[in-house]
Q: 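The structure is given below, and queries will be raised subsequently.
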Amino acid sequence: MNIGIVCYPTFGGSGVVATELGKALALKGHQIHFISYQQPVRLDSFHENILYHEVNVSDYPLFDYQPYELVLASKLVDVVKYEKLDLLHVHYAIPHASAAYMAQQILKTEGIEIPFITTLHGTDITLVGKDASFEPVITFAINQSNAVTAVSESLKKDTLDHFKINRSIEVISNFICIDGCKLPKMDAELKLSIAPNGEKILAHVSNFRPVKRVCDVVKIFAKVREQMECKLLLIGDGPDRHLAETFCRERGISKDLVVLGKVKDTQHVLGIADLFLLPSESESFGLAALEAMAVGVPVISSNTGGIPEVNTEGFSGYLSNVGDVESMAKNALSLLQDEEKLAQFKEQAFGQAKKFDILKILPIYEKLYKRVVEHPSTF
Ligand code: GMT
């Protein structure tokens, strides 16, 4: 099949999911065309069957804000027409679903039918989408998509609760590439450089937006550190990074804080961690937690949104109410202070991640693609 994938190219989970899905489809022989304003971060080398089409937004002085959606729609028309695409799969509703709809309508006037699938990822619904100024366009674009998927049951429910949806939404869970049955080997040299005295390592990966509650991450760390030697590894960057750094400086614990910034191969670094912290305010799925579990790292998280569909209480980690840092720190210590239990949870976290193996999810997407191409009317 000849498939166009529209996504954000940045470090966010939706871009990662879109890119990994495209790479896996290409390996199965599909022709994949990524369409975005920048090369997606996880698409950093040549892959057979994959092409990248850049959406160039000019800086014409008349516009204070460049009309990205229009430029994207024009690019989609061009790529669908000249690359003879069978299907568009857009990740994140804003503005990708409405741009795809516009391209579809333009192409229709030229006698070209192109179905599009919208995958909802989270903040497009839970935060941005609920903003009244976006609501009519999002509702319309979701309802007009030829198929809509959500990455968790929780996100499907949120979408149905907050928008006037008059069509079906299929849940296709996020996935992870599991390489073999055994836990991948961790980088012992890296671990030694971060924790030279065998300190336990807590890790957090995010875009450091307020919804991630980075302050809770450092509060949990500070509480654990009162009881035992440990390090906190922060991966990613964003608006609340300075809050974490300031918190640690004020408490004199900065020497145990390691901020790595935007690392591309997060799983390589996560492999040296003992625990992953995800205390988010809202989270449709929690791909970062799944990436941690896939390298055998148990998760201490909040119980919001789709996280309970990923992290199983008392098995792959522990879940607490949003903001309950006492409980999260207690749960973290119960694992870190008991080597046998920690080893068992590491194995179990890996076992849990295997349930989300891409090999299980890919055929579900392929089946949906086939159905939509053969019967494009919305369902
Ligand atoms: O985590 C973010 O804020 C980024 C955002 C995105 O779209 O890139 O992530 C959302 O999509 C991910 C992939 O489906 C999910 O794993 C994240 O849980 C979701 N984020 C939120 O719901 C806050």
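If you read the sequence from its start, that first residue is 1, and numbering goes on from there. No hydrogens, no waters, no symmetry mates; every other heavy atom, side chains included, goes into these values. These numbers were taken from a predicted model, which means no experiment stands behind them. Every number for a ligand or one of its atoms is a count from 1 in the order of the listing.
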Q: Enumerate the protein residues lying less than 4.0 Å from ligand 1, judged by heavy-atom distances, in chain and residue-number order.
A: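 Around ligand 1, where the cutoff is 4.0 Å for heavy atoms, the contacting residues are G12, G13, S14, Y92, H121, G122, T123, V151, N174, N207, R209, K212, S282, E283, S284, F285, G286, L287.
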Q: For a salt bridge (charged side-chain N to carboxylate O under 4.0 Å, His left out) with D256, tell me which candidate from R249, R225, R251 qualifies.
A: R225
Q: Considering only NZ, NE, NH1 and NH2 on the basic side and carboxylate oxygens on the acidic side, decide whether K223 and E326 come within less than 4.0 Å.
A: yes
Q: Can we say K212 and E283 salt-bridge, meaning some charged N sits less than 4.0 Å from an Asp/Glu carboxylate O?
A: yes
Q: Look at D274 together with K346 and state whether they make a salt bridge at an N to O cut-off of under 4.0 Å.
A: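 Here D274 pairs with K346 in a salt bridge, since their nearest N and O are under 4.0 Å apart.
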Q: Run the salt-bridge test on E20 and K23 with the 4.0 Å N-O cut-off and return the result as yes or no.
A: yes
Q: Please list all pairs passing the salt bridge (charged side-chain N to carboxylate O under 4.0 Å, His left out) test where one or both residues lie in residues 137-152, with sequence neighbours left out.
A: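 Every candidate salt bridge (charged side-chain N to carboxylate O under 4.0 Å, His left out) pair involving residues 137-152 fails, so no pair, neighbours aside, qualifies.
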